[in-house]
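Throughout, protein chains are lettered first and strands after them, A, B, ... in sequence-line order, and every chain is numbered starting at 1. Values reported hereafter were calculated over all heavy atoms of this structure, with side chains retained and with hydrogens, waters and symmetry mates removed.
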Amino acid sequence: MNYWLVKSEPSKYSWDELAKDKKTNWDGVRNYAARIHLRAMQINDRVLFYHSNEGVEIVGIAKVVRTSYPDTSSEQEGWVMVDLAAVKKLKKPVTLSQVKADKRLSEMALIKLSRLSVQPVREEEWEIIMSMAGEK
DNA sequence: GCCAACGTTGGC
DNA sequence: GCCAACGTTGGC
């Protein structure tokens, strides 16, 4: 199983909306690096849900329920989306400043590639974040 | 193929 | 609202 992180501006699509919808198609990704990660996603991979701009924190866990398929929101060929389903809201959200403050997380794409909207998370990083979130 | 100009993302 | 970082575009 692989781990990922996706970003969303809560004013556009928040964790609460995903929790209410149960699942959603993760469309609108128009970045080549992000697309590579979308294509690599497998069913049941775990996905951290991050709120950018507002909150600036990891708020929940989602999972991949459908692997990549053509993004119908794009007029151009080639862009893809996946389907994500809500798994659970974190007991305690993990803020960007907490991630920045932990040396063990200093290699995270969230910090190093701050503009990448779909990014991989290492298993060690996942475990650290889970413990910060009070999930262990 | 280089690089300047420009647009977008996202933290603060 | 500002600005740094970075991706994309387009002229040469």
Side-chain angles (χ1 to χ4, degrees):
Chain A
M1 177 158 72
N2 293 308
Y3 301 96
W4 311 95
L5 180 147
V6 297
K7 295 183 184 174
S8 186
E9 293 182 36
S11 61
K12 293 187 180 151
Y13 193 82
S14 68
W15 168 263
D16 287 342
E17 287 174 78
L18 178 62
K20 186 159 69 73
D21 293 346
K22 304 283 196 264
K23 69 172 215 169
T24 190
N25 48 337
W26 205 254
D27 64 0
V29 173
R30 298 289 181 271
N31 171 283
Y32 293 111
R35 188 175 74 183
I36 291 168
H37 301 310
L38 282 182
R39 285 188 170 150
M41 286 184 181
Q42 298 295 321
I43 300 287
N44 285 326
D45 280 359
R46 291 306 196 234
V47 182
L48 296 172
F49 195 101
Y50 175 83
H51 278 171
S52 61
N53 287 314
E54 291 169 56
V56 195
E57 59 192 8
I58 299 163
V59 289
I61 301 169
K63 66 179 178 181
V64 177
V65 292
R66 182 173 172 187
T67 55
S68 65
Y69 59 104
D71 184 344
T72 50
S73 75
S74 173
E75 290 171 16
Q76 290 170 306
E77 292 284 306
W79 296 111
V80 298
M81 57 187 174
V82 298
D83 287 356
L84 299 181
V87 174
K88 69 174 299 190
K89 187 174 187 169
L90 295 179
K91 287 200 182 83
K92 293 182 287 184
V94 177
T95 64
L96 180 61
S97 60
Q98 281 179 275
V99 172
K100 281 184 174 168
D102 195 311
K103 268 195 292 189
R104 296 170 300 171
L105 299 176
S106 62
E107 295 298 312
M108 274 191 81
L110 187 62
I111 295 166
K112 292 213 130 183
L113 301 170
S114 60
R115 291 184 46 193
L116 188 59
S117 59
V118 180
Q119 49 184 260
V121 175
R122 294 193 193 120
E123 190 170 357
E124 315 88 85
E125 294 165 345
W126 179 274
E127 298 298 335
I128 293 164
I129 289 164
M130 287 304 111
S131 68
M132 284 176 155
E135 296 293 340
K136 280 280 160 72

Asker: Given B/dG10, is OP1 or OP2 found less than 4.0 Å from the side-chain N or O atoms of A/Lys7?
Answerer: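 Yes, such a contact exists.
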Asker: Quickly, which of A/Thr67, A/Val118, A/Asp83 forms a side-chain contact (heavy atoms from CB on, under 4.5 Å) with A/Met41? Name it, please.
Answerer: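 Checked A/Thr67, A/Val118, A/Asp83 against A/Met41; only one passes side-chain contact (heavy atoms from CB on, under 4.5 Å): A/Val118.
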Asker: Any carboxylate oxygen within less than 4.0 angstrom of a Lys/Arg side-chain nitrogen, looking at A/Lys20 and A/Glu17?
Answerer: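 No, this pair does not count.
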Asker: Starting from C1' on C/dC2, measure out to CG on A/Asn53 and report it in whole angstrom.
Answerer: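 Result: 13 Å.
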Asker: Short of 4.0 Å, heavy atom to strand atom, which residues of residues 101-111 of chain A count as contacting DNA chain B?
Answerer: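 Contacts with DNA chain B under 4.0 Å: none.
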Asker: Checking all strands, does A/Leu96 fall into the base, sugar-phosphate, or nothing category for heavy-atom contacts under 4.0 angstrom?
Answerer: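 The residue A/Leu96 makes sugar-phosphate contact but no base contact.
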Asker: Is A/Tyr50 close enough to B/dT9 that one of its side-chain N or O atoms is under 4.0 Å from OP1 or OP2 there?
Answerer: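 For A/Tyr50, the contact criterion (side-chain N or O under 4.0 Å from OP1 or OP2 of B/dT9) is not met.
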Asker: For A/Tyr69, which fellow cluster members are found when Ile, Leu, Val, Met, Phe, Trp and Tyr are connected by side-chain heavy-atom distances below 4.5 angstrom, either directly or through intermediates?
Answerer: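 Answer for A/Tyr69: A/Met81.
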Asker: I'd like to know if A/Glu135 pairs up with A/Lys91 as an ion pair, taking the criterion as any Lys NZ or Arg NE/NH1/NH2 lying under 4.0 Å from an Asp or Glu carboxylate oxygen.
Answerer: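 The answer is yes: the pair qualifies as a salt bridge.
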Asker: Give the rounded distance in Å between these two atoms: NZ of A/Lys100 and P of B/dG11.
Answerer: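 Distance, rounded to whole Å: 8 Å.
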Asker: Tell me the closest heavy-atom pair linking A/Ser73 and A/Gly28, and the distance in Å.
Answerer: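 Between these two residues, the closest heavy atoms are OG-N, 3.7 Å.
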Asker: Along nucleotides 3-8 of chain B, 5' to 3', which nucleotides get a B, which get an S, and which get a -, given that the test is a protein heavy-atom distance under 4.0 Å?
Answerer: ----BB
Asker: Rounded to whole Å, please give me the gap between NZ in A/Lys112 and C1' in B/dG11.
Answerer: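 Spelled out: NZ on A/Lys112 to C1' on B/dG11 is 18 Å.
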Asker: Taking A/Asp21 for the side chain and A/Lys23 for the main chain, is one N or O donor matched with an acceptor at less than 3.5 Å?
Answerer: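 No, the answer is negative, given that no donor and acceptor are paired below the 3.5 Å cut-off.
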Asker: Could you tell me how far apart A/Tyr32 (OH) and C/dT9 (P) are, to the nearest whole angstrom?
Answerer: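 Rounded to the whole Å, the gap is 7 Å.
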Asker: Would you please indicate yes or no on a ring centroid separation below 6.0 angstrom for A/Phe49 and A/Trp26?
Answerer: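 So the answer is yes for these two rings.
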